[in-house]
Amino acid sequence: MFTSIRRLFDQFWNKSRTVKNEPLNKVSLIVIIFIDIFILVNVFTGIEDIGQWYLQPNLVYPCHAAWQNYQTQTTAGKNFQIIQEAIATDPIEQYNLEQSFRESENGHLGQVSEVCLTYAQYHDKIQTTDNQNLIIKINQTVAQINDLEESNNTIRSQYDSTLLEKIAGQGKENSINQTPPEKAKQQLNQNIAKIASLKQEITRLEQQLLAKPESVNFLNFINQKEVWADLNQSYLNAIFWYPTIRFLFQSLFLIPLIVTALWVHSFAVKKGYGLVALISWHLLVIFLIPLILKVFEFLQFGLIFDLVFNFIEAVFGGLIFAISYLYILFIPLVGFGVIKFFQRFVFNPKGQAAKRFQKSSCVKCAKRIRPQDSHCPHCGYYQYVECLSCHALTYQHLPHCKECGAPQRQSK
């Protein structure tokens, strides 16, 4: 296997830096490298763009995150919290949720969930002037409570030092505190009573807001268990399939480029167009690099990974690290298959030799030679090998001897 890898690397390196078996000069090599970098950047940009063409699950189900947060909350005030979040008092923060959901469809393949659009319609109806005024009143009342509680904290922190000053007989004019001890307790009680009254006012305003028809309709909708269950399952299915769909779109972008580059390269090699063969070879390599990376990414996060993960979890329970062992065994097999593919279809010397001998070309550099030439005058490669059966000279890399027809399986 190591010999195959070395031979593959040598052939790859030779194809990448020679034109008709002649090495490139430094200027040409630099130009080729810059072209490679430019095209590679654009290829990665293209596959990222087409990978985002299909709507992501969070854009297909944009209401899922907020709805899930509401479903998982156990606090008593979660109804008011989600209503409050739906109402923006600042004109800059006000927007139409349904329109925002629909705008995500622009330039993408796929549609926003109808359930989320219905969610947005109920959500937008809560954004009324009366409801905004209620939220403003609630926020103002909360601010008053915070001021009173801060005042109480200040009074409590000063109360002890004021008592000590009084015991020591220190006059009021020399006191560091503004509130005398006899008034501090009175002020504290007044503030506590006022805070209690303001909290009752907040409760009344919250109940008034929750009793609004638009609030009731929205809460009734998001509390439909069956609707939420269907939406959540659809979202999970989208999460499961999205990496696979993304990989398919990216493959559809790369495969036509790879096939075209491979065809142009094969055609250029047959016709002896050295520079075209070199450039098409570089393009083929550049197009294969992101495809290989995306294949490994798909194996790590796509459908196959999910299937393997579920299988490991079902068979071995919590021994999820076993996935790493499977990949350690599987990835080398994939690499071995890739090497075999290139040896058989791209760098196959037997396939190249048959076509080149038919055209009276060198079996190595593909340049024209005379039929009686045993060595190529261009690269010096010896064109023949001794038959294993009759020991006559026969062509290199061809499966049978041209004299006796015996198979040449051990031919170099």
Engineer: If I take atom NZ from residue Lys294 and atom CD1 from residue Ile47, how far apart are they, to the nearest 0.5 angstrom?
Structural biologist: 4.5 Å
Engineer: Looking at Trp53, I'd like to know if its CH2 atom is crowded, meaning that more than 12 non-hydrogen atoms belonging to other residues, nucleotides or ligands lie closer than 6.0 Å.
Structural biologist: no
Engineer: Considering non-hydrogen atoms only, spot the tightest contact between Gly51 and Tyr242 and give its length.
Structural biologist: O-OH, 3.4 Å
Engineer: Side-chain contact test, heavy atoms from C-beta onward, threshold under 4.5 Å: evaluate it for Tyr61 versus Gln56 and give yes or no.
Structural biologist: no
Engineer: Give the minimum heavy-atom separation between His375 and Gly380, together with the two atoms involved.
Structural biologist: CD2-O, 3.6 Å
Engineer: Measure the spacing between CD1 of Ile83 and CD of Gln81 and express it to the nearest 0.5 Å.
Structural biologist: 11.0 Å
Engineer: Any side-chain heavy atom of Thr260 sitting closer than 4.5 Å to one from Phe287?
Structural biologist: no
Engineer: Can Tyr235 and Asn58 be said to form a side-chain hydrogen bond (donor to acceptor under 3.5 Å, both in side chains), step by step?
Structural biologist: CA-CA 8 Å; Tyr235 176 78; Asn58 63 314; over 6 Å; no
Engineer: Taking the side chain as every heavy atom from C-beta outward, state whether Phe80 and Gln207 have any atom pair closer than 4.5 Å.
Structural biologist: no
Engineer: Within the 4.5 Å heavy-atom criterion, are Gln208 and Ile138 side-chain neighbours or not?
Structural biologist: no
Engineer: If you apply the rule side-chain contact (heavy atoms from CB on, under 4.5 Å), what do you find for Leu231 with Val227, and how did you get there?
Structural biologist: CA-CA 6 Å; Leu231 178 76; Val227 176; 5.5 Å; no
Engineer: Taking all non-hydrogen atoms of both residues into account, name the closest pair between Tyr395 and Lys402 and its distance.
Structural biologist: CE1-CD, 3.5 Å
Engineer: Return the CD1 to CG distance between Ile136 and Leu205, rounded to the nearest 0.5 Å.
Structural biologist: 12.0 Å
Engineer: Here's a test for you: under side chain to side chain contact (heavy atoms under 4.5 Å, CB included), which of Ile33, Leu40, Ile39 qualifies with Ile37?
Structural biologist: Ile33
Engineer: Donor-acceptor check, side chain of Ser151 to backbone of Asp147, threshold 3.5 angstrom: yes or no?
Structural biologist: no
Engineer: Is there a side-chain contact (heavy atoms from CB on, under 4.5 Å) between Val43 and Leu254 once you walk through the steps?
Structural biologist: CA-CA 8 Å; Val43 169; Leu254 290 170; 3.6 Å; yes
Engineer: Above 12 or not: heavy atoms from other molecules or residues under 6.0 Å from OH of Tyr384?
Structural biologist: yes
Engineer: Salt bridge check: are Arg102 and Glu105 linked by an N-O gap of less than 4.0 Å?
Structural biologist: no
Engineer: If you apply the rule side-chain hydrogen bond (donor to acceptor under 3.5 Å, both in side chains), what do you find for Gln71 with Asn232, and how did you get there?
Structural biologist: CA-CA 11 Å; Gln71 292 291 334; Asn232 188 51; over 6 Å; no
Engineer: Please evaluate residues Cys63 and Cys116 with respect to the criterion disulfide (SG to SG under 2.5 Å), reporting the C-alpha separation (whole Å), side-chain torsions for both, the decisive distance (0.1 Å), and the verdict.
Structural biologist: CA-CA 5 Å; Cys63 63; Cys116 282; 2.1 Å; yes
Engineer: Would you check, one step at a time, whether the test side-chain contact (heavy atoms from CB on, under 4.5 Å) holds for Val60 with Gln111?
Structural biologist: CA-CA 6 Å; Val60 178; Gln111 294 181 337; over 6 Å; no
Engineer: Taking the six-membered ring for Trp and the single ring otherwise, decide whether the centroids of Phe221 and Trp67 are under 6.0 Å apart.
Structural biologist: yes
Engineer: Starting at CG of Leu210, measure out to CD1 of Ile82 and round the result to the nearest 0.5 Å.
Structural biologist: 11.5 Å
Engineer: Going from CD on Glu214 to CG on Asp124, what distance comes out if it is rounded to the nearest 0.5 angstrom?
Structural biologist: 12.0 Å
Engineer: Is it the case that the side chain of Asn69 and the backbone of Ala65 share a donor-acceptor pair, with hydrogens and angles ignored and the cut-off at 3.5 Å?
Structural biologist: no
Engineer: Ignoring hydrogens, what is the shortest heavy-atom contact between Phe218 and His123? Give both atom names and the distance.
Structural biologist: CD1-N, 3.8 Å
Engineer: At their closest point, which heavy atom of Pro62 faces which heavy atom of Val112, and how far apart are they?
Structural biologist: CD-CG1, 3.8 Å
Engineer: Just by modelled atom types, is the Ala277 backbone N or O under 3.5 Å from a matching donor or acceptor in the His265 side chain?
Structural biologist: yes
Engineer: Looking at Glu48 and Arg246, is there a salt bridge between them, counting it only when a charged N and a carboxylate O are closer than 4.0 Å?
Structural biologist: yes
Engineer: Find the distance between CD1 (Ile279) and OH (Tyr273) and round it off to the nearest 0.5 Å.
Structural biologist: 14.5 Å
Engineer: Please check this pair: side chain of Ser104 against backbone of Phe101, looking for a donor-acceptor N/O pair closer than 3.5 Å.
Structural biologist: yes
Engineer: Walk me through it: do Gln224 and Asn220 pass the test side-chain hydrogen bond (donor to acceptor under 3.5 Å, both in side chains)?
Structural biologist: CA-CA 7 Å; Gln224 297 182 58; Asn220 288 339; over 6 Å; no
Engineer: Give me the one residue out of Ile202, Ile195, Leu198 that meets side chain to side chain contact (heavy atoms under 4.5 Å, CB included) with Gln144.
Structural biologist: Leu198
Engineer: Less than 4.5 Å apart, any side-chain heavy atom of Phe240 and any of Leu236?
Structural biologist: no
Engineer: Surrounding NZ of Lys194 (heavy atoms of other residues, nucleotides or ligands, distance under 6.0 Å), is the total greater than 12?
Structural biologist: no
Engineer: Within the side chain of Thr203, is there an N or O that forms a donor-acceptor pair under 3.5 Å with the backbone of Lys199?
Structural biologist: yes
Engineer: Using side-chain contact (heavy atoms from CB on, under 4.5 Å), reason through Lys271 and Val276 one step at a time and then give a plain yes or no.
Structural biologist: CA-CA 10 Å; Lys271 295 295 183 179; Val276 176; over 6 Å; no
Engineer: Answer yes or no: is there a donor N or O on one side and an acceptor on the other, between the side chain of Thr118 and the main chain of Glu114, under 3.5 Å?
Structural biologist: yes
Engineer: With no hydrogens and no angle check, just 3.5 Å: does a side-chain donor-acceptor pair link Asn237 and Gln233?
Structural biologist: yes
Engineer: Is there a side-chain contact between Tyr122 and Ile222, using heavy atoms and a 4.5 Å cut-off?
Structural biologist: no
Engineer: Mind checking whether Trp281 and Val269 have side chains closer than 4.5 Å, heavy atoms only?
Structural biologist: no
Engineer: Run the side-chain hydrogen bond (donor to acceptor under 3.5 Å, both in side chains) check on Asn191 and Gln187 step by step: do they pass?
Structural biologist: CA-CA 6 Å; Asn191 289 348; Gln187 184 66 43; 3.1 Å; yes
Engineer: Taking the six-membered ring of Tyr70, is the NZ or CZ of Lys78 close enough (under 6.0 Å from the centre) and on axis enough (within 45°)?
Structural biologist: yes
Engineer: Which atom pair, heavy atoms only, marks the closest approach of Cys401 to Thr394?
Structural biologist: CA-OG1, 3.4 Å
